[in-house]
Amino acid sequence: MKYLEGLNDAQKKAVLATDGPLSVLAGAGSGKTRVLTTRIYHLIRSGVPAQEILAVTFTNKAAREMRERVRTMLGGDGPVPFIATFHGLGRELLERYGKAIGVPRYFSVYDRDDSEKAIGAALKALDVGAKELSPRAVLGRISRAKGEGMRAQEFREKYARSGFGARIVAEAWLRYEKTLADEKALDFDDLIALPLRMLEEHADVRALAQDRWNYIHIDEYQDTNALQGRLANILAAKHKNLFVVGDIDQTIYTWRGATIENLLEFDKEYPESQTIILARNYRSTKNLVDAANAVIEKNKNRKEKYSTTERSAGEPIVVHMARSAEDEARWIALRIRELMRKGTAPEDIAILFRTNFQSRALEEGLLRAGVPYKLLGTHFFARKEVKDALAWMRLAMDSSREVDKMRAAAAPPRGLGKVTLGKLAAGQRSALRPGELAKVEVFERIIEELSRAAETLVPSEFAKLVILKSGLRRALLEEGSEEDRERFENVEELASVAARYDEAPGKESITAFLAEAALASDQDEMDQGEKTGVMLMTVHAAKGLEFGTVFVSGMEEGLFPHQGMGGGNDRDEEEERRLFYVAMTRAKERLFLTLARVRKIYGSDFASEPSSFLADIDGSLMLYDETDGEEINY
């Protein structure tokens with residue numbers, strides 16, 4: 001069979017083992033996608049109708065690419081199996097069989113913004129202000145409950161005697177469900193929870209779905225949550241032909257609900273199952289593979305898997321300690337310019353960072369060096385939370401700025417809508433109701449207090465005061481989700497940027513800082529089109545990608561591993577180690593690990609210790625570059 005040529009023994013075994021449950025533990029760069037698509041092609045060539053084959057992956061892009069690969073292998077002839085994301089699978093099941101649980105044949109799907117607006121309307125109907133309980137927080141609580149398989153009425157009964165917040169969430173959820181029903185709509189959580197409930201409660205529908213797909217493939221199985229695992233198991237319950245592929249060592253989304261147990265305990269769920277390990281790494285040099293092995297083998301919650309490669313040793317891993325985050329960025333930019341001069345394409349270079357706030361210094365360093373780049377995500381000064389804080393700062397400088405007033409009034413929400421602010425702008429203060437007027441006066445007092453403080457504070461201290469008095473600290477750090485807490489790190493970084501102007505206190509220094517921020521924002525908003533460049537992204541965003549050269553910045557204890565993610569919890573500490581493993585294995589030829597001796601956090605300098613992860617790598621695999629960042633000139 002010609003299509004098996006070029007596969008190694010383990011890959012061939014995975015392709016040809018068509019019957020019964022099978023888990024494939026696929027190391028980084030081991031060719032798992034090729035194995036998946038070749039196995040699907042082999043099934044069709046063996047006489048299995050394409051319509052009896054299901055393949056599920058995690059992103060629309062991955063599903064699209066898998067469909068195209070299979071279509072190409074089939075020569076463009078005949079039907080292609082159903083290949084979709086979990087949400088696409090859920091939608092298909094509900095469109096075809098949803099009548100059994102009252103889901104209409106044609107329904108719309110609410111995105112997050114739609115859901116937040118609906119939750120906001122429910123809270124308003126309950127006379128609960130956004131200042132008391134934000135729609136985002138309520139939706140997050142509902143989403144977690146749906147992810148656990150809970151229904152609105154169950155939640156209400158469970159938390160009937162709980163505190164104010166839980167009771168309000170329960171009532172808002174019931175109203176939210178009515179809105180969805182009235183609109184003939186579902187949200188993303190429903191696309192997993194409802195199909196599972198339908199299959200578990202309706203034997204006739206379950207039989208139809210199980211007969212429809214005899215062969216089921218799940219990609220990135222380590223990223224599935226509890227409900228997705230149950231959905232896969234119930235669909236495969238009749239024929240048992242469940243093929244799952246994944247890498248326990250790349251489980252980095254438990255904070256989103258992914259459960260490592262689905263892959264880790266697959267052989268307990270299916271005692272008759274086979275396990276095949278794809279250990280050969282075709283991507284990275286031997287030095288990189290050996291270093292990644294040394295890092296990940298420290299984890300306990302994994303299955304033994306030691307990657308190998310037939311590639312040469314390659315270059316050593318370069319480690320550089322800079323004096324500051326700015327020097328770190330400068331050093332990285334210089335290295336990249338050298339690589340580009342020697343012929344490396346910028347798009348084959350990536351700079352990875354643990355948290356979003358790090359991108360600010362890196363972007364600035366690349367811009368000053370004239371290195372083209374593309375940031376995956378939102379540029380620092382274009383991030384919502386940064387724009388919110390800047391609006392507050394500008395408003396303290398000039399309270400007549402209506403655009404900033406509208407933004408600040410909603411960040412965080414304090415019950416001041418456009419109508420109320422519109423009356424103020426039109427000079428109709430006397431038309432305000434007592435409740436509206438009280439909220440306006442509180443808002444205005446905060447602005448006045450900040451304006452007075454600006455006369456005597458240096459910019460970084462003023463930024464900290466704005467973050468506190470505006471309520472941004474409380475909303476993002478104290479009451480927010482894990483994602484909100486990371487957004488707060490971006491707001492903290494704004495105070496660090498402001499510290500550059502701390503030579504003198506007063507509004508003149510603060511205005512100079514705001515002018516820089518405005519210029520940076522304008523530059524960030526420029527359309528870079530399809531221009532190629534060095535890729536900047538978080539390590540989470542880099543999963544599934546590969547580059548010839550990778551820089552991992554911020555290799556400091558408390559930053560990577562990230563303080564608060566570890567926090568003494570073994571499982572979380574292991575996730576940080578898996579995240580570093582993912583970062584390392586994105587590199588094909590060269591890996592640079594950089595850190596700063598001193599990093600400015602929230603406007604103050606903090607001495608840093610090298611990441612404990614560096615000690616896991618054999619010293620013979622690393623080269624320490626002691627070039628002083630301040631010696632690098634453009």
Side-chain angles (χ1 to χ4, degrees), residues 87 90-91 94 98 101-104 106-194 197 227 256-257 384-385 388 406-407 409-422 433 435-436 438-439 443 471-472 474-476 478-484 487:
H87 291 104
R91 181 163 194 154
L94 290 172
I101 56 171
V103 175
Y106 300 102
F107 56 84
S108 59
V109 178
Y110 268 25
D111 62 19
R112 189 169 183 85
D113 284 344
D114 294 330
S115 294
E116 283 192 18
K117 287 176 184 175
I119 294 291
L123 291 173
K124 188 175 181 180
L126 292 167
D127 200 26
V128 176
K131 189 176 179 181
E132 297 173 274
L133 208 55
S134 74
R136 177 191 292 268
V138 172
L139 182 60
R141 186 80 181 270
I142 291 171
S143 183
R144 287 194 297 275
K146 284 188 175 184
E148 295 166 3
M150 195 175 290
R151 308 185 196 195
Q153 191 59 44
E154 291 175 62
F155 186 92
R156 184 190 202 184
E157 291 169 2
K158 181 175 181 178
Y159 293 102
R161 299 181 183 278
S162 298
F164 169 79
R167 293 200 306 273
I168 292 300
V169 169
E171 296 304 321
W173 188 355
L174 288 168
R175 289 173 182 268
Y176 174 52
E177 290 298 321
K178 184 176 187 309
T179 298
L180 289 172
D182 291 344
E183 295 287 326
K184 295 183 178 178
L186 305 175
D187 64 18
F188 278 103
D189 295 309
D190 292 331
L191 294 180
I192 305 299
L194 292 182
R197 187 182 307 157
L227 292 193
R256 285 186 185 171
K384 178 186 181 300
E385 58 274 16
D388 290 343
M406 294 290 287
R407 185 171 198 113
R414 59 195 67 238
L416 291 176
K418 292 181 180 179
V419 174
T420 301
L421 294 174
R433 296 192 299 272
E436 293 175 324
K439 292 174 182 176
F443 181 54
L472 286 171
R474 173 182 52 78
L476 296 176
E478 298 168 12
E479 298 176 358
S481 64
E482 186 64 45
E483 291 180 28
D484 286 331
R487 289 170 60 210

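For clarity, every value in this text was computed on a predicted model and none was experimentally measured.
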After noting the C-alpha distance and the side-chain angles of Lys146 and Trp173, does the key distance pass the side-chain contact (heavy atoms from CB on, under 4.5 Å) rule? CA-CA 11 Å; Lys146 284 188 175 184; Trp173 188 355; 3.6 Å; yes

Looking at side-chain heavy atoms only, is the closest gap between Leu94 and Asp190 below 4.5 Å? no

Glu171 side chain reached by Leu174 side chain, heavy atoms, under 4.5 Å: yes

Kindly give the heavy-atom pair with the smallest separation between Glu116 and Pro135, and that separation in Å. O-CB, 3.6 Å

With heavy-atom distances below 4.5 Å as the criterion, would you say the side chains of Thr179 and Tyr110 are in contact? yes

From Ile142 CD1 over to Met150 CE, what is the distance, rounded to the nearest 0.5 angstrom? 12.0 Å

Looking at CG of Asp182 and CZ of Arg175, how far apart are the two atoms once the value is rounded to the nearest 0.5 Å? 12.0 Å

Closest non-hydrogen atoms of Asp189 and Ser143, given as atom of the first, atom of the second and distance, are OD2-OG, 2.9 Å

Are side-chain heavy atoms of Asp187 and Tyr176 found at a separation under 4.5 Å? yes

Using a strict cut-off of less than 4.0 Å between a Lys/Arg side-chain nitrogen and an Asp/Glu carboxylate oxygen, indicate whether Lys117 and Asp113 qualify as a salt bridge. no

Nearest heavy-atom approach of Leu126 to Ile168 is CD1-O, 4.2 Å

Exercise: identify the closest heavy-atom pair between Leu123 and Ala172: CD2-CB, 4.1 Å

How are the rings of His87 and Phe188 set relative to one another: parallel (under 30°), tilted (30 to 60°) or perpendicular (over 60°)? perpendicular

Charged N to carboxylate O under 4.0 angstrom, Arg487 versus Asp484? yes

Tyr159 six-ring face occupied by Arg141 cation (under 6.0 Å, within 45°): yes

Enter the distance from Asp114:CG to Ser108:OG here, rounded to the nearest 0.5 Å. 8.0 Å

For residues Lys439 and Arg433, determine if any side-chain heavy atom of one lies less than 4.5 Å from a side-chain heavy atom of the other. no

Rounded distance (nearest 0.5 Å) linking atom CG of Leu139 with atom CZ of Arg112: 5.0 Å

Between Pro412 and Arg474, which heavy-atom pair has the shortest distance, and what is it? CG-NH2, 4.0 Å

Nearest non-hydrogen partners of Ile101 and Leu194, listed with the distance: CD1-O, 3.7 Å

Would you indicate whether the side-chain heavy atoms of Glu385 and Leu476 approach each other to under 4.5 Å? yes

